[in-house]
There are 2 protein chains.
Amino acid sequence: MLLTVTIKHVAKAAGVAVGTVSRVLAKNKTVNEEIRIRVEEAIQELGYQPNTLGRSLRLNKTDLIGLVIPDITNPFFAELAKHVEMLASSEGYSVLLANSHDDPAAEQQQVQALLGRLPRGLILVPVSESTIGDLVSGKNTVTVDRPLQGQTLVGVDNRRGGYLAADHLLSLGHRRIAYMSGPPTLDVARERREGFVGRIREFQQQHPSQPLAFQTVDGNFDYRAGEELGNRLLRQEHPPTAIATASDQQAIGLMRAAADVGLSIPNDLSIVGFDDIPLASLVLPRLTTIRQPLAEIARIALKAILSRSSTPHDCKLEPVLVERNSTRAWPGR
Amino acid sequence: MLLTVTIKHVAKAAGVAVGTVSRVLAKNKTVNEEIRIRVEEAIQELGYQPNTLGRSLRLNKTDLIGLVIPDITNPFFAELAKHVEMLASSEGYSVLLANSHDDPAAEQQQVQALLGRLPRGLILVPVSESTIGDLVSGKNTVTVDRPLQGQTLVGVDNRRGGYLAADHLLSLGHRRIAYMSGPPTLDVARERREGFVGRIREFQQQHPSQPLAFQTVDGNFDYRAGEELGNRLLRQEHPPTAIATASDQQAIGLMRAAADVGLSIPNDLSIVGFDDIPLASLVLPRLTTIRQPLAEIARIALKAILSRSSTPHDCKLEPVLVERNSTRAWPGR
DNA sequence: CTGTTAGCGCTTTCAA
DNA sequence: TTGAAAGCGCTAACAG
């Protein structure tokens, strides 16, 4: 019978009290060298592993980080999860993963479930203000990508990202431009669009004589939406020569649509995405996109959690334009 | 000061003993209706949430499922994680996620870390036999996709999958065929290849007079390997007219390579992938592939964990060929 | 049917 | 510097 070995067994084996064992475990300096060695030998001998539950119960805190995202299958969130997990585990924390499926009810349930596990903190990509607002209030929460009233947000400066995309297209000489936005209910989507539109307006004011056609569509962030909106955009009488999207997934769906209508990228159509997911540099042609520094975002989010800073303090990182092969000067040939 | 409310507070508020509160929490039938109501009211009133730590410590078991995969960024594992998480949370469990990065040392560390949290069970996609074999032995572990000595494996019949791919290509009339395998160190990769090669040999024996060119290459499962191996394959003097790969990611990389050398799919080249990741049905052309029933795999793995069946009992599911637009009869035009 | 109590494994006073 | 003991929140065995 393989009994689990506790601190008591170690104590008896080393001929000391449990308190002493606990002290060597905690690397407490006030323990006699000789005894310390004896205890450590006993630990080795018995293969003792501290029981997290006992410790957590006593200390009233765990080494768990809760991570609630809409969908781990989305490459952007997968990347976020990976970085969070890597960083967390290197600090001795484990991460509890939960998907909200962009469903407020599911999200509420998931957050509640994770909270019940008393995590050290929660990293959250919220889908709904209302349902979880007060659930997490006062709960050491950091929000990523999307804001939540009263909680620290770490993300990218979306307006700036939109601005960069528009600026890139404009400077390439495009004058028939479309913007494919995300769901208008999401702040991220609105901000990116505003940044994009802002640069367009700015250009129009600076060059009032130059003709400039601009339109906007919106839908989900996923591949499918990119394809559908792309078809709508490209099958018009005078389709745009350049399209910026609110996500790389949309951009990749859009590439599909472009191929379907026989358009070659970047010759007939320039595309710029958003996020820089791993796939962006692997599609054909490689996608020009606005990069979000996800590793950095994860790092800051985790730091905020672990340092329990009392006051929420948003952190907006700089997005950067990554030029690859899906954009080209117009007229391009 | 917001004190955490315990079972004691509820007991006092309801005018009963803690044991009674515990009983109504456990839905124990032996509790008086009237008292039950009073307790439930007190619970509502105080917003009492049972403390998982206390319960787990007492019961010596948690509601945690450990999930250790090579890389959450890989769409196949992301999909697996999603299903595991959905199923788990619907049963009241939470999942602890860890990435091993295909590194035996990291894997060992991660497994150890998760085991220290006393999970109800471990779902594992192992990278290395040796380093974790006895770490998890006797630990209620289920292995997915890749085997581990002495542990239950749930996955797909890889030989059958390879066989299906070869059979499909052969029956389409292809006679210059290549197989792009995964890392030969992995059983999955070897089995798929064996199944594929098996069907090829079978065909040759049945039709000894028919000319049939066949070759094999191998590399990693990822996009990049697919592209590199694809280039090697396609830039030969007499390139194959059909290629089957050991993963959809390879297949998608291969599509890139095909485009680079000016080959049109499926007109000049047929491709069949493996896994059926979400992206497979979104690339252009949509990818014909061997589908792994991942939802089913996740379901069975979790069931095996939760029912603590003592003896390991492998479970091989049937893969199925999903015909889409990347394969075509040869000669095809 | 309900109250009382021991104890899960651990940390941390308090004494010695 | 170390030992003894209390107690974190909970469940279950036992007594009533």
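Below, chain A is the first sequence line, B the second, and so on; all start at residue 1.
A salt bridge links A:E296 with A:R299: the distance from a Lys NZ or Arg NE/NH1/NH2 to an Asp or Glu carboxylate oxygen falls below 4.0 Å. By the 4.0 Å N-to-carboxylate-O rule, A:K82 lies too far from A:E79 to be salt-bridged with it. Comment: B:R36 engages B:E33 in a salt bridge, judged by a side-chain N to carboxylate O separation of less than 4.0 angstrom.
Within the 4.0 angstrom heavy-atom criterion, no nucleotide atom of any strand lies near A:L53.
Rounded to whole Å, atom C1' of D:dC10 lies 11 Å from atom NZ of B:K8. Atom pair A:I7:CD1 and C:dC10:P shows a separation of 5 Å (rounding to whole Å applied). Atom CG in A:N51 sits about 14 Å away from atom C1' in C:dG7, given to the nearest Å. As a whole-Å value, the separation of B:Y48 OH from D:dC10 P is 3 Å. The NZ-C1' distance, from A:K12 to C:dG9, rounds to 15 Å in whole Å. When rounded to the nearest whole Å, the span between NZ of B:K61 and P of D:dC10 equals 17 Å. If you take CG of A:N60 and C1' of C:dT12, they are 15 Å apart, rounded to a whole angstrom. In this entry the distance linking NE2 of A:H9 with C1' of C:dG9 reads 11 Å, nearest Å.
Minimum heavy-atom separation, A:R55 to A:P50: NH2-CB, 3.9 Å.
Nearest-nucleotide assignment on DNA chain C puts the 5′-proximal partner with B:V16, out of B:G54 and B:V16. Of the residues near DNA chain C, A:A26 and B:A17, the one whose nearest nucleotide (by heavy atom distance) lies more toward the 5' end is B:A17.
With D:dT2, D:dC10, D:dA13 as the choices, the nucleotide that has an atom nearest any side-chain atom of B:R23 turns out to be D:dA13. The side chain of B:L59 approaches D:dA12 more closely than any other nucleotide in the set D:dC10, D:dA12, C:dT12. With distances taken from any side-chain atom of B:L57 to the nucleotides D:dG9, D:dA4, D:dA13, the minimum falls on D:dG9.
Proximity of residues 28-43 of chain A to DNA chain C (heavy atom under 4.0 angstrom from any strand atom) is not detected for any residue.
Pairs passing the salt bridge (Lys or Arg N to Asp or Glu O under 4.0 Å) check and including a residue from residues 114-125 of chain A, sequence neighbours excluded, read A:D63-A:R120, A:R117-B:D63.
In terms of phosphate contacts, B:S56 brings no side-chain nitrogen or oxygen within less than 4.0 Å of OP1 or OP2 of D:dC10. Remark: B:T20 is in phosphate contact with C:dG3, judged by side-chain N or O atoms under 4.0 Å from OP1 or OP2. One finds no side-chain N or O of B:T6 lying less than 4.0 angstrom from the OP1 or OP2 phosphate oxygen of D:dC8.
Using a 4.5 Å heavy-atom threshold, the side chains of B:L96 and A:L64 count as touching.
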- prompt: Passes side-chain contact (heavy atoms from CB on, under 4.5 Å), B:V16 versus B:V24? Steps please.
  reply: CA-CA 11 Å; B:V16 297; B:V24 342; over 6 Å; no
